[in-house]
Amino acid sequence: MPTKKTQTTRVKTTKATKSKIAAKKKVVRQTQSPSHRTPQSLAGPFSKSEKYVPQEFESKWFEKWQADELYKTAPADERPKAYILDFFPYPSGDGLSVGHCRNYVPTDVLARYYRMKGYNVLHPMGWDAFGLPAENAAIKMKTNPAKLIAQYAANYKRQFALIGISFDWSREINSSTPEYYRWTQWIFLQLYKAWYDRRVNRARPIADLEKELAEKGTRDIDWAEPLTAEQWSAMDLKARREYLSNLRLAYRKPAWLNWCPQDKTVIANEEVKDGACWRCGTPVEKRMLNQWFFRITEYADRLLADLDTIDWPEHIKLMQRNWIGRSEGAEVKFPVDGSDQSITVFTTRPDTLWGATFMVLAPEHPLVEELTTPARQAEVEAYVKEAMRKTEADRTAIEKDKTGVFIGSYAINPVNNEKIPIWVADYVMMGYGTGAIMAVPAHDERDFQFALKFGLPILPVIERTDGLAKSFALGGTMRDGFADALRAESIPFEEKQGSLYITIPANKLDRYIEMAQEFVVPGKWNEIVGARWLFIFGKGDIWTFGGIESEKKILARCHELEPNVRHKRTVMEMLYAVEFYRDALFHAEYGAMINSNEFTGTPGDVAVKRVTEWLEKTGKGKRRVHYKLRDWGISRQRYWGTPIPIIHTDQGEVPVDEKDLPVKLPDVESYEPTATGESPLATIPKFVNVTLPDGTPGKRETDTMGTFACSSWYFMRFADPHNDQEPFAKKQVAYWLPVDTYVGGAEHAVMHLLYARFWTKVLYDLGYVPFVEPFKQLRNQGMILAPDGKEKMSKSKGNVITPDEVVKEYGADALRAYEMFISDFEQATPWSTQGLGGTWRWLRRVWDLELQPNNRPAPSATTDPADRALRRAMHKAIKKVSADIEGFRFNTVVSSMMEFTNAIVDLQNQVSAAAFDEARDTLLVMLAPIAPFMAEEIWARKGRPYSIHQQKWPRYDASLAADEMMTIPIQINGKLRDRIELPVGASEAEVKDAALKSENVQRHLAGKTPLKVIYVPGKMVSLVVP
RNA sequence: GGGGCGAUGGCGAAAUGGCAGCCGCGGCGGACUUAAAAUCCGCUGGAGUAAUCCUCCGUGUGGGUUCGACUCCCUCUCGCCCCACCA
């Protein structure tokens, strides 16, 4: 049983007010407020209250705003426009959480703010409705995805209304409707009918290409498969179509792709995270399928360069830069020994060519089969098969040991004509470069490991940049007195069990070589590694380790002299056995070239350039830029997506005529995915079989487009959402686009945000839009975490907080204000119900303040100081709130509003009626974007003309915001010693004079004269004292 | 392995190189109340002190630049994120 708490009398002296800063005045806050109840206890009979009960009026106002079309976008006009957009959501059955609101509330505040500032604002919303989650949910619930989406979207829409988001619903779009995807298909066809002309660096109609081919073949098109005009003319329709597909921006080709066995479809590279499907987390497999791609790689350079022109978070830009992954290097051809084949490799280190001791092909490389010798065939086939079977995650696991098999053939290193073995290994990826590498084990970590494991020679061809040189003198290899001699030369070493571990300073190298010759025991040897590579067998008997010949000779001699090393297959393997040498054997720096014939001695900073130039001149290779970016795989073997408008015939593929769009998704009973890599649409003969106008029978493409196609242009459709003649009128898009402010999560950094930029550039090239970047300003909202600890909100953890429950308890305005106030917009932060209570109390204080009667006196000399103080606070608030809204500093918007509220409360009993109302009205108008319901309700109760949301944003007046007095802190040697109050106009001399007169300053100066008196106007005085 | 972002009271946080901690939460004390809740008022980084004066310490660590550093530069630690056998 709990004991009754006895009275505890706390004897504690009441602390009196700190005088602290003079600006902080001791004003007693008094509000003649009615009593209030907690929001939690609001459940009661409905009545129009004097108190702040948001539940009584919020929904009423939203209905009225909708009925009055208050947020309907005006047609393009003379006003400046503001296009403020949220990532359009993928409606899910879970609805919105307070985390999602972090996205929608601030953009709504922006939209409302810019409307009041006189901008023509476009703030639309729609649904990214196609795609796997809806389809999977529909299969599970045995319903239709369209129905499900409609249901989910309705719920989202209800929630948006609940929290007062001012979307223009007359522009609502749904990407899964034929009215929308008709134009997604249309854009697909524009890509299909275009090719990238590298000479002018833009996309052009494919018809231009056909014309050019007919006239002069590929004479001027050096990146295409060579073709003469005669050859082109001789080609039949099918051959021409096949030829052109190698240049179209939308094309189909067989390729190894990421297959998600859970979703039973191919997914794009961008959708693979840590070797698994980004949606369901299932490890992806590789499958060879004939698939549709968009040739985004042609735009790699422009996608990279234009990042510099847009206002996006740096980390997002960086992710895109890394994803595009531009790297400069050279392509080098290695002829295959005894064959007319050759292997082309890409390298960023052409300066290491002389150290290439073997080649490696990716298991998928087309030459593997051809170049494998009969003797090696069984082993190679088994290896390749095994590699294909592995998931991407298995194959790329970092700790994994290197594996590989020699295929029996040799290549010729074009720079020194050395014959080097060709291997196949899964550490080489078909997807990057050419799928084949020259291995330079001395200067590439992976090649080094591989060479050590398989006993392949490792030949240093680049000098160390740190000059590290080491020698290990095994006990018995050097005559007595060697240690003493080293000491005499002050060459540092350690002695362990009779062996010496020597680190040779650069300036002692030559001396050391002399000594080693002197002391080495006949029949033994001493070696130097690192800065030099020398084997010292005796006086004048020094062999340099450099090049394949010396490798063989040194190894043979060591084997002969020392039985213990006979099992070592290479010189480096022998050296590697000495633990002490490990850090001196390998490096990947850009140093001077060594052991590289005529290039030996080329300094590290010019080596790559000189070798590349030489390769080009001698025709052995050429400069090349490679990108990590791959072409965008768009095919999905699923039902719920935009059908690809292509028909396959005996004569090749034929695009659906634009006037026959849309190719509609058939209504079906079952649309479960098949495991065969074929879309469920393929099982519907009525859909598949078509006859072309000329009577040719055809079969429709049955893959659908991934949803990122839909989202790559929806922001353009919002400019003209109901156009049934074209995707959008050029005039509308030219007025509204690009999007001024775009807000959403960072998870789309290399998916949607990259694809949308790409489509925009294509549409620009083809003349449909007048801009090259779709989103001028991008911001990512921070995540809202669960209240306890730092966990994410998730349905499975049961810690999701919905706007519905918050609105029920506190009203939408408090939710909105708290979403803004909670933290810096981009920062992840935990939700706090107590913090929410704080913003609720602030709104209630505003309510009371606004609705109390104004019985203050007329302006007079008595009220003048307070009136001026209040106006100052007001104009400062206008300035700060405006700047912070525009600068995405929503948390300080709310804190500035709170400060302004406090200022009115503090001064309310000293000001005139006019000043009081002026301040209250300004506060209310500025509150409108933040707390639209309450602002409207108070506005109405005060009898003002509807609607507060159509009022002008208050104007800032710098002269009224100006302070009369300033507080100048005084520092002595960096420490704060006093503050002085002076009129704002005080001159430098006056300030310095006042500072020196200060009692505290005098005391701390203790009679000394300052060496320096620094006055930063209006900011501070800094004294420097010896 | 490479790269990025971040670290400030008990908590969320603020601070064009110029008074660290605005605003809010929580806490403490008071007013009102029979009492509580709510509301209102005051205090609230740490230490010393009778003290509201005053002094010292304090923005993850250690250094540097500067009259002056949360802010700029370097080092390290921790946390989060991205990329990753990328040739």
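Note on naming: letters A, B, ... go to the chains in the order of the sequence lines (proteins, then strands), and numbering restarts at 1 for each one.
Contact annotation for A/D824: backbone-only contact, meaning every heavy-atom pair under 4.0 Å involves sugar-phosphate atoms and none involves a base. Using a 4.0 Å heavy-atom distance criterion, A/Q971 is classed as a base contact. Counting any heavy atom pair closer than 4.0 Å across all strands shown, A/S832 reaches no nucleic acid atom. As judged by a 4.0 angstrom heavy-atom cut-off over every strand, A/K317 is placed among residues making no nucleic acid contact. Residue contacts shown for A/R630 are absent, as no nucleic acid heavy atom lies under 4.0 Å away. Within 4.0 Å (heavy atoms only), A/V1016 reaches at least one base atom of the nucleic acid. In this structure, A/R977 reaches the sugar-phosphate backbone alone: every heavy-atom distance under 4.0 Å involves primed, P, OP1 or OP2 atoms, never a base. A/L318 comes within 4.0 angstrom of sugar-phosphate atoms only, judged by non-hydrogen atoms across all strands, and of no base. Note on A/E445: nothing from the nucleic acid sits closer than 4.0 angstrom, heavy atoms only.
Closest to the side chain of A/S895, from the set B/C23, B/C67, B/A87, is B/C23. Closest approach to the A/N902 side chain among B/G24, B/C85, B/G18 is made by B/G24 (side chain taken as heavy atoms from C-beta onward). Of the candidate nucleotides B/C82, B/G26, B/C22, B/C22 has the atom nearest to the side chain of A/E899. In the set B/G68, B/G4, B/A87, B/A87 carries the atom at the smallest distance from any side-chain atom of A/I437. Nearest nucleotide to the A/R1003 side chain, out of B/C67, B/G26, B/C54: B/C54. Distance from the side chain of A/S1022 is smallest for B/C67 among the nucleotides B/C67, B/U16, B/G24. Distances from the side chain of A/R446 to the nucleotides B/C85, B/C25, B/A84 place B/C85 closest. Closest approach to the A/V428 side chain among B/A87, B/G24, B/G12 is made by B/A87 (side chain taken as heavy atoms from C-beta onward). Side-chain proximity of A/R841 to B/A87, B/G26, B/G12: nearest is B/G26. Taking every side-chain heavy atom of A/P830 into account, B/G12 is the closest of B/G18, B/G12, B/A87.
When the C1' atom is used for both B/U8 and B/C23, the distance is 16 Å, rounded to whole Å. When the P atom is used for both B/A47 and B/C11, the distance is 15 Å, rounded to whole Å. Comparing the P positions of B/A35 and B/G45 gives an interatomic distance of 32 Å, to the nearest angstrom. Of the P atoms belonging to B/C78 and B/G62, the separation is 16 Å, rounded to the nearest Å. Comparing B/G58 with B/C19, their C1' atoms sit 15 Å apart, to the nearest whole Å. Across B/A20 and B/A15, the matching C1' atoms stand 7 Å from one another, rounded to whole Å. To the nearest whole angstrom, the two C1' atoms, one in B/C32 and one in B/A38, are 11 Å apart. The gap from the C1' atom of B/G29 to that of B/U77 amounts to 41 Å, rounded to the nearest Å.
Nucleotide B/U39: paired with B/A31 (Watson-Crick or G-U wobble, both distances less than 3.5 Å). Base pairing of B/C54: its partner is B/G48, meeting the Watson-Crick or G-U wobble criterion (both donor-acceptor distances under 3.5 Å). Remark: B/C76 base-pairs with B/G60; criterion is Watson-Crick or G-U wobble with both hydrogen-bond distances under 3.5 Å. For B/A14, there is no paired base (Watson-Crick or G-U wobble, both distances below 3.5 Å).
Residue side chain A/K975 does not reach the base of B/U55 through any donor-acceptor N/O pair under 3.5 Å, judged by distance alone. In this model, a side-chain donor or acceptor of A/K402 finds a partner on the base of B/C85 within 3.5 Å.
Here B/C19 presents its C1' atom at 13 Å from CD1 of A/I980, a figure rounded to the nearest Å. When rounded to the nearest whole Å, the span between CD of A/E999 and P of B/C53 equals 14 Å. Summarising the geometry, the separation between NZ on A/K792 and P on B/C80 is reported as 11 Å, rounded to the nearest angstrom. Rounded to an integer number of Å, the gap from A/D444 CG to B/C86 P is 7 Å. The separation between A/M1020 atom CE and B/A20 atom P is 8 Å, rounded to whole Å. Atom CG in A/D978 sits roughly 8 Å away from atom P in B/C54 (whole-Å rounding). The distance between atom CG of A/D884 and atom C1' of B/U16, rounded to the nearest whole Å, is 13 Å. The nearest whole Å value for the distance from the CZ atom in A/F448 to the P atom in B/A87 is 19 Å.
In B/G9 the O4'-C1'-N dihedral to the base is within 90° of 0, which defines a syn nucleotide.
Between A/Y818 and A/W831, a ring centre-to-centre spacing shorter than 6.0 Å is recorded. Taking the six-membered ring wherever Trp is involved, the centroid distance between the rings of A/F358 and A/F454 does not fall below 6.0 Å.
Classification of A/D301 and A/R326 as a salt-bridged pair holds, one side-chain N sitting under 4.0 Å from a carboxylate O. We find that A/E819 and A/R816 are not joined by a salt bridge, their nearest charged nitrogen and carboxylate oxygen being 4.0 Å or further apart. One finds no salt bridge joining A/K333 and A/E331 here, because no Lys/Arg side-chain nitrogen approaches an Asp/Glu carboxylate oxygen to under 4.0 Å. A salt bridge does not link A/R844 with A/D813: every distance from a Lys NZ or Arg NE/NH1/NH2 to an Asp or Glu carboxylate oxygen is 4.0 Å or more. A salt bridge links A/D311 with A/R779: at least one charged nitrogen is closer than 4.0 Å to a carboxylate oxygen.
By the 30° and 60° cut-offs, the orientation of the rings of A/F450 relative to A/W423 is perpendicular. Taking the six-membered ring where the residue is Trp, A/Y432 and A/H626 present tilted rings, their angle falling between 30° and 60°.
Distances shown here put every side-chain N or O of A/N891 at or beyond 4.0 Å from the OP1 or OP2 atom of B/G12. Distances shown here put every side-chain N or O of A/T967 at or beyond 4.0 Å from the OP1 or OP2 atom of B/C19. Of the side-chain N and O atoms in A/K880, none sit less than 4.0 angstrom from OP1 or OP2 of B/C22.
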Item to complete: Go through A/T829 and A/R102 one step at a time and tell me if the side-chain contact (heavy atoms from CB on, under 4.5 Å) criterion holds.
Response: CA-CA 11 Å; A/T829 200; A/R102 183 100 183 267; 4.2 Å; yes
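Where A/K628 and A/Q827 meet RNA chain B, the nucleotide closest to each residue was compared, and A/Q827 sits on the side nearer the 5' end. Nucleotides of RNA chain B nearest to A/H1004 and A/N973 differ in position, and the one nearer the 5' end is that of A/H1004.
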